[in-house]
Each structure stands twice: as C-alpha cells, then as structure tokens.
Amino acid sequence: MSVPRPAAVIVLAAGEGTRMKSQTPKVLHELCGRTLVDHMLAASRDLGPGQLIVVIGHALERVRGHLAVTSPDARAVVQREQRGTGHAVRTVLEEVGTIAGTVLVTYGDVPLMRTQTLATLLEQHASDGNAVTVLTAEVPDPTGYGRIIRDETGDVLEIVEEKDADAGQRAIKEMNSGIYAFDGLLLADAVKRVSSDNVQGEEYLTDVLAILRGDGHRVGACVAGDFVEVEGVNDRVQLAAARRVLNQRLLEAHMRAGVTIVDPTSTWIDVGVRIGPDTVIHPGTQLHGDTVIEAGAEVGPATTLTDTFVGEGAIVRNSVCDHAEIGPEANVGPYAYLRPGTVLGRRSKAGTFVEMKNTKVGERSKVPHLSYAGDATIGDDANIGASTVFVNYDGVNKHHTTVRDGAFVGCDTMLVAPVTVGDGAYTAAGSTIVDDVPPGAMGVARARQRNIEKWVLRRRAGTKSAAAAERALAEQEQEKKQ
C-alpha cells in the first residue's frame with residue numbers, strides 16, 4: 001500500500017540538553033553540515049505532512065530564529081515550562097487545535113532517523129488500524145531505555161521504564177524509541193488525561209499508550225531495521241558517534257554513485273555536498289556546506305572545500321577553498337588558499353602558496369606560486385610571476401587591480417591598486433607599479449643597481465664571507481696575470 005501522508009509531524013525540541021555542557025542549545029549542534037533538529041525536519045518533511053510543528057522552549061529565541069531561516073515551513077510552538085513529553089504535545093494541541101488524521105511525534109535530537117523508517121511506521125500504523133503505533137528497536141544493550149512489553153499476540157501491553165522493570169523485563173532487548181504515530185482525534189482526548197503524579201512531576205507521553213489501551217483501542221509497535229536510527233544525541237560523545245555513522249552513509253552513497261573515495265576513514269562530507277561521477281577524493285579531504293564537484297575532478301589529499309564549486313576535470317590538491325569557484329580543468333595547489341569571491345576560469349591555475357580573495361582569473365591564466373591576489377581581475381592568458389602582491393588595501397579602503405589579456409607580470413612585482421596592466425603588457429621583476437601600464441608596454445619601477453667594490457673586505461673583515469671574497473679576488477688576479 002502507499003504510505004499515508006501524516007496530518008502533522010510534531011518534533012519535540014524544547015529541552016535544555018544539559019549534558020552537552022554548551023552555550024549552544026542541544027538541537028542546534030551540527031553534524032555533517034546540518035543541525036540536529038534540521039536532520040529530523042528533513043526526514044519528516046519528505047513525508048509530506050499537512051503540518052510541520054516544532055516544540056521549542058530552552059533558548060527559544062535562538063532556536064526560533066534558526067528555524068525561521070532553515071525551516072520557514074515549520075511552525076514553532078513554545079513550551080514555556082518543560083513539564084514532560086505529554087505536556088509538550090498537549091501544548092501543541094491547545095495552540096493549533098485538534099488534528100484529525102495521523103499525528104507523528106518525534107524528537108529534535110535523533111539525527112540518524114531515515115524518512116523510510118518513519119514511512120514504514122506510518123504504513124504499519126494505517127494497515128493495522130492502531131490507535132497508536134510506537135517505533136521500537138532491538139538493541140544490544142537496552143540499559144537506560146524503556147522496555148516494550150507485548151502480549152502473546154504481539155500487541156503492546158505497556159512500556160516499562162528500566163527503574164520499574166523486574167529482572168525478566170530488563171532482559172528484554174526491544175526498547176522504546178519515544179517516536180509514535182497517533183490517531184489525532186484519540187490523542188487529543190487521551191493527552192488531556194495524562195497525570196503528573198510521578199517522581200518527576202511530569203506528564204509522560206508514554207502514559208497515553210496505557211490510556212488508549214484501557215479505552216479498548218489497539219496499541220501496536222513497529223520495529224526499526226537499524227537500531228542506530230533511534231538513538232538520540234545527549235552529549236558530545238554521542239554527537240561524534242552519530243557523525244561517524246552519518247558520514248559513512250554519505251560516503252557509501254557517493255561511492256555507489258560512481259565517486260572514488262580513496263580512504264573513507266579520513267574523508268568527511270556534509271549532507272549538502274554534490275559530487276559527479278568519476279571524481280576522485282583523496283585522503284584527508286573535508287567537503288562542507290553546499291560544495292559541488294563536477295564529473296572527473298580530483299580533490300585532495302588534505303583539502304578542505306566549503307561552499308565551493310569545482311568544475312569538470314579540475315584538480316585541487318592540499319588546499320583550502322571557501323566560497324570559491326574553480327572552473328573546468330583548472331589547477332589549484334598545493335597549499336593554495338582561495339577565499340570568498342575567487343573565480344578561476346577554465347584551465348587556469350592558482351599554484352603553490354597562492355592566496356586569492358575576490359579575484360577573477362581568466363581562462364588559461366596562471367598565478368603559479370608565492371603570490372597574493374586580492375580585489376583583482378586577471379584576463380585570459382596572463383601570467384603572474386612568483387612573489388607578486390596585489391596591494392589592494394590602503395589601511396582604510398580596498399582598491400581594484402586589473403591585469404588584462406596576455407599580460408606578463410614579472411616576479412616580485414607590487415601592483416599598488418588602483419592600477420591597470422594593459423593587454424600584452426609586461427612588468428619588470430622587482431617593480432612597484434603605481435601607474436597604469438599601457439598595452440604592449442614594459443613597466444619598470446626599480447632603482448638602477450650599484451655595486452660598492454670590496455665593501456665586505458672593509459666592513460666584514462674576518463668573516464667567512466670576507467674569506468670567500470678574498471679567495472675569489474685572488475683567483476681573478478691570478479687569471480689576469482696568466
């Protein structure tokens with residue numbers, strides 16, 4: 001049967017997350033380029049719910065502001081006092097009203113949950129005609145989790161928390177994930193009857209199951225195929241473990257799509273990254289944000305790309321690129337730093353120890369080594385010699401430099417912006433260029449060399465340099481005599 005579209009998904013994300021020991025709200029901690037809550041929202045959104053609702057509480061303004069940017073389709077409902085999961089759901093229904101249809105309740109700290117697993121839960125809930133269906137998992141070590149108690153027919157009798165379980169119940173390995181599919185009308189009635197008469201003084205959503213079963217309704221369970229999907233993140237150790245699992249999923253998906261990843265154990269990829277087939281990713285590479293790598297490119301080793309475009313057949317080695325655009329067949333590195341606003345044309349080069357910022361480099365142009373280009377436009381077929389600096393900042397304002405097509409900038413040139421080197425023009429090595437160089441001209445801006453004879457013998461007598469000079473001068477005198 002087709003997966004039923006839920007009337008609503010409620011994501012509980014109001015908790016403080018004290019075990020994270022962080023100023024950042026737990027649900028806003030990131031793994032693989034997306035916050036914990038955004039991972040769950042992405043999985044839920046793909047179900048096509050009628051409403052997407054997030055319950056917020058701790059650091060609510062910060063969380064609300066984040067959701068406004070990343071998930072404008074989600075409605076935030078504030079739980080001002082965190083008095084349990086049942087209270088959170090009741091707060092939602094009091095604000096939005098009774099929701100007819102299936103209501104899925106899940107959590108903002110379960111980043112490994114797949115859409116397909118939630119879809120399977122909804123499908124079983126509908127096919128079995130349950131009032132509520134709980135998502136469960138068989139775990140190797142269920143310590144700390146509530147246990148699922150079933151009757152002889154497999155129906156769920158109750159959920160027993162570990163502190164209340166006897167020895168036989170503690171031996172059960174099927175645990176409660178806390179994720180449920182409810183009949184919305186029955187949920188609206190039952191959640192009002194949840195008591196806070198317990199040690200914590202809270203309203204637990206698990207009590208709704210007992211209420212519905214007591215009313216004669218069917219309570220079912222759906223077992224997740226992979227228990228790691230239901231594991232929540234409560235501290236930095238669990239965050240790192242979840243990151244490893246999710247990263248491995250992403251790597252496997254890319255490899256099955258035709259990407260060669262030489263060493264998956266040292267390669268990290270965010271969820272928003274896109275990679276074309278026949279690309280090779282070498283060890284120690286990190287791909288962040290919305291980075292796009294087109295077919296046949298080669299990236300790494302030891303390369304970090306953030307929100308960067310890499311064109312077809314380009315090569316990027318041992319480099320850091322942030323919000324840059326690398327054209328087809330371009331060559332970057334090793335040890336280049338491309339900062340925001342850098343655009344490299346087809347078959348261009350940003351070589352060893354080159355830094356660029358807000359610079360456009362034309363097709364086939366080269367900045368091979370030891371140079372800085374900032375706030376510049378470099379035309380096609382230009383060559384920028386080693387140790388060239390585009391001097392773009394006067395201490396107050398940034399200024400632009402233009403190097404036109406076919407120009408040749410000599411080594412150790414200072415281009416003091418604003419300045420233009422014309423088409424086909426040259427600059428002499430060691431020049432400081434402060435005026436425009438006309439097309440086809442040679443710009444020379446350096447003092448004529450003057451040699452002070454025997455200066456070392458007079459001013460550095462007794463040094464190794466003086467001894468070497470004396471030997472060479474003596475040899476020259478000897479050669480003259482011959």
Side-chain angles (χ1 to χ4, degrees), residues 11-44 46 58-59 63 66 70 85 106-118 120-121 134-148 161-162 170 172-179 222-256 261-273 281 283-289 304 306:
V11 179
L12 305 184
E16 184 174 355
T18 55
R19 280 181 282 174
M20 296 298 286
K21 294 181 170 58
S22 175
Q23 296 298 312
T24 299
K26 179 174 74 168
V27 295
L28 296 190
H29 279 265
E30 292 190 5
L31 70 161
C32 299
R34 185 180 285 166
T35 65
L36 297 180
V37 68
D38 285 330
H39 278 290
M40 179 52 75
L41 287 170
S44 302
D46 288 345
H58 174 68
V63 177
H66 172 83
T70 65
T85 51
T106 184
Y107 296 88
D109 62 355
V110 189
L112 300 178
M113 180 58 58
R114 301 177 193 262
T115 300
Q116 183 54 52
T117 299
L118 296 176
T120 300
L121 170 64
V134 55
L135 183 66
T136 70
E138 297 276 355
V139 297
D141 180 9
T143 302
Y145 292 105
R147 308 303 203 278
I148 302 297
E161 298 302 324
E162 181 168 290
R170 289 186 180 184
I172 296 172
K173 293 188 179 298
E174 185 179 12
M175 49 79 75
N176 172 31
S177 72
I179 299 173
C222 174
V223 183
D226 185 354
F227 72 89
V228 300
E229 290 190 50
V230 304
E231 292 186 331
V233 171
N234 294 299
D235 58 30
R236 308 297 180 109
V237 174
Q238 292 175 337
L239 181 67
R243 183 178 291 112
R244 286 192 295 271
V245 171
L246 183 55
N247 187 65
Q248 185 62 32
R249 284 185 193 172
L250 295 167
L251 293 171
E252 289 180 3
H254 285 295
M255 288 188 284
R256 296 187 189 282
I261 297 176
V262 176
D263 181 19
T265 62
S266 67
T267 304
W268 296 87
I269 299 181
D270 283 353
V271 294
V273 172
I281 308 297
T285 294
Q286 300 183 49
L287 305 176
H288 298 305
T304 300
T306 302

Shortest non-hydrogen separation from [X] to [Y] and the atoms involved:
X      : Y      : result
Asp235 : Gln238 : OD1-N, 2.8 Å
Val110 : Glu231 : CG1-O, 3.9 Å
Val273 : His254 : O-CE1, 3.6 Å
Ala42  : Thr115 : O-OG1, 4.2 Å

As an exercise, state the distance from [atom1] of [X] to [atom2] of [Y], rounded to the nearest 0.5 Å.
X      : Y      : atom1 : atom2 : result
Gln116 : Leu118 : CD    : CG    : 9.5 Å
Trp268 : Cys32  : CH2   : SG    : 7.0 Å
Ser177 : Leu121 : OG    : CG    : 8.0 Å

For the side chain of [X] and the backbone of [Y], is there at least one donor-acceptor N/O pair under 3.5 Å apart?
X      : Y      : value
His288 : Gly272 : no
Asn176 : Val134 : no
Gln286 : Thr267 : no
Asp263 : Pro283 : no
Lys173 : Glu138 : no
Asp270 : Gly289 : yes
Asn234 : Arg19  : no

Problem set entry | Side-chain touch Ile148/Met175, heavy atoms, less than 4.5 angstrom | no
For this session: Dump the intermediate steps for side-chain contact (heavy atoms from CB on, under 4.5 Å) on Thr117 and Leu135, then the final yes or no.
Result: CA-CA 9 Å; Thr117 299; Leu135 183 66; 4.1 Å; yes
Exercise. Could you go step by step and tell me if Val27 and Thr35 meet the side-chain contact (heavy atoms from CB on, under 4.5 Å) rule?
Worked result: CA-CA 7 Å; Val27 295; Thr35 65; over 6 Å; no
Exercise. Between Met20 and Arg236, does a side-chain contact (heavy atoms from CB on, under 4.5 Å) hold up when you go through it step by step?
Worked result: CA-CA 6 Å; Met20 296 298 286; Arg236 308 297 180 109; 3.9 Å; yes
Exercise. Would Arg170 and Glu162 pass as an ion pair if we require N to O under 4.0 Å?
Worked result: no
For this session: Starting from the C-alpha separation in whole Å, work towards a yes-or-no answer on salt bridge (Lys or Arg N to Asp or Glu O under 4.0 Å) for Arg147 and Glu174.
Result: CA-CA 6 Å; Arg147 308 303 203 278; Glu174 185 179 12; over 6 Å; no
For this session: State which residue, out of Val37, Val233, Val230, Thr85, fulfils the side-chain contact (heavy atoms from CB on, under 4.5 Å) condition with Tyr107.
Result: Thr85
Exercise. Can a donor-acceptor pair be found between the side chains of Asp109 and His29 at a distance below 3.5 Å?
Worked result: no
